[in-house]
Amino acid sequence: MTDINDNIPDRDEGVQNYRKIDRYNPELITSLSAHYQDILQQIGEDPNREGLLKTPERVAKALMFLTHGYDLDAGEILRSAMFKEEYSQMVVVKDIEVYSMCEHHMLPFFGKAHVAYIPNGHVVGLSKVPRVVDVFSRRLQVQERLTNEIRDCIQDTLQPLGVGVVIECRHLCMSMRGVQKQNSVTTTSAFTGEFLKEKTRTEFLNLIASKLS
Ligand SMILES: Nc1nc2c(ncn2[C@@H]2O[C@H](COP(=O)(O)OP(=O)(O)OP(=O)(O)O)[C@@H](O)[C@H]2O)c(=O)[nH]1
Ligand SMILES: [Zn+2]
């Protein structure tokens with residue numbers, strides 16, 4: 001019998017081209033800060049005025065935080081809390097906050113993710129689902145790839161009977177600039193296994209539409 005972890009790559013595919021860095025290394029932060037100081041100058045600001053003195057360093061640290069998902073291995077996170085359990089109904093974790101940055105403009109997109117799976121002998125610690133969402137969202141992304149990466153990671157690692165992922169986000173590159181549409185929301189979805197069947201998908205979509213109170 002094949003082991004549930006047999007075909008899992010050590011790190012998820014999204015980091016294939018990622019160069020391993022020591023994210024908060026002081027020298028790296030100093031070097032990045034110098035670039036931001038230059039940027040401040042180039043937009044016509046005075047990087048030496050009091051309010052901006054520490055800004056390059058703050059922005060450098062913020063950017064490192066906003067992209068820290070590159071350092072994390074979502075499969076490993078899931079594998080750290082997988083439990084044998086004969087629960088065979090849908091498990092839904094909904095309204096998971098998403099904060100990511102579009103890879104085209106490096107501007108934020110944010111909203112909610114709804115993730116479901118149907119166990120096949122194993123369940124996963126509930127907190128690990130939002131952690132997986134964070135691993136992939138704290139990178140430069142497009143919403144479609146983010147959606148697929150979450151789906152694939154859960155499917156490949158947990159090997160459930162199916163996975164469903166729906167993500168709804170607002171993109172600042174569409175509201176603060178560009179086409180400047182303030183209220184548009186982008187919805188993406190990705191499914192495997194049982195969720196490819198209409199009945200299961202409808203159950204999932206009904207569950208994420210329902211309110212607790
Ligand atoms: N499919 C997809 N597109 C995205 C996402 N985030 C941003 N974009 C789009 O990426 C596209 C980049 O298009 P370009 O024409 O090269 O860039 P641009 O001239 O800045 O485009 P505008 O935003 O229309 O001004 C834009 O249409 C953005 O809306 C995403 O998550 N998924
Ligand atoms: Zn964008």
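Along the sequence shown, the residues carry numbers beginning at 1. Whatever order the structure lists ligands and atoms in, that order sets their numbers, starting from 1.
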Atom 22 (P) of ligand 1: any protein heavy atom closer than 4.0 Å: yes
Indicate whether atom 8 (N) of ligand 1 is within a distance of less than 4.0 angstrom of some protein heavy atom. yes
Which residue and atom name correspond to the protein heavy atom nearest atom 31 (O) of ligand 1, and how close is it? Q143 N, 2.7 Å
So, does T188 use its side chain to make a donor-acceptor pair with the main chain of E144 at under 3.5 Å? no
May I ask you to decide if P160's main-chain N or O and Q155's side chain share a donor-acceptor pair within less than 3.5 Å? yes
Check for me, please, whether V166 and F195 land in the same ILVMFWY cluster - side-chain distances under 4.5 Å, paths through other members count. yes
Backbone N/O of K84 and side chain of H122: donor-acceptor pair under 3.5 Å: no
How far is atom 6 (N) of ligand 1 from its nearest protein heavy atom, and which residue and atom is that? H171 ND1, 3.4 Å
Any protein heavy atom < 4.0 Å from atom 27 (O) of ligand 1: no
Of all N, O or S atoms in H105, identify the one at the shortest distance from the Zn ion (ligand 2). ND1
Under 4.0 Å between heavy atoms, the region of H105 that gets near ligand 1 turns out to be side chain
One finds that the ligand 1 atoms under 4.0 Å from a non-hydrogen atom of G178 are 25 (O)
Heavy-atom contacts under 4.0 Å between Q141 and ligand 1: side chain, backbone, both, or neither? neither
Specify whether an N/O/S atom of C173 falls short of 2.8 Å from the Zn ion (ligand 2). yes
Report whether Y36 and L140 are members of the same hydrophobic cluster (ILVMFWY, side-chain heavy atoms less than 4.5 Å apart, transitive linking). yes
Please verify the inter-ring angle class for F191 with F204; under 30° counts as parallel, over 60° as perpendicular, anything in between as tilted. perpendicular
Contact between ligand 1 and R177 is defined here as a heavy atom of the residue under 4.0 Å from a ligand atom; is it met? yes
Same cluster for L205 and L161 if Ile/Leu/Val/Met/Phe/Trp/Tyr side chains link at under 4.5 Å? yes
Within a radius of less than 6.0 Å around CZ of R131, do more than 12 heavy atoms belonging to other residues, nucleotides or ligands occur? no
Is Q143 reaching over with its side chain to a backbone N or O of I167, donor-acceptor style, under 3.5 angstrom? yes
Check: V165 main-chain N/O paired with R151 side-chain donor or acceptor under 3.5 Å: no
Considering the heavy atoms of C102, write down every atom of ligand 1 situated less than 4.0 Å from one of them. 6 (N)
Against heavy atoms of C173, which atoms of ligand 1 measure under 4.0 Å? 7 (C)
Heavy-atom distances under 4.0 Å are what count here, so tell me which part of H104 touches ligand 1: side chain, backbone, both or neither. side chain
What is the nearest protein non-hydrogen atom to atom 1 (N) of ligand 1, stated with its residue, atom name and distance? E144 OE2, 2.7 Å
Report the residue from E203, E168, H114 that forms a side chain to side chain contact (heavy atoms under 4.5 Å, CB included) with I208. H114
Any protein heavy atom < 4.0 Å from atom 16 (O) of ligand 1: no
min-distance protein heavy atom vs atom 29 (O) of ligand 1 -> M174 CG, 3.9 Å
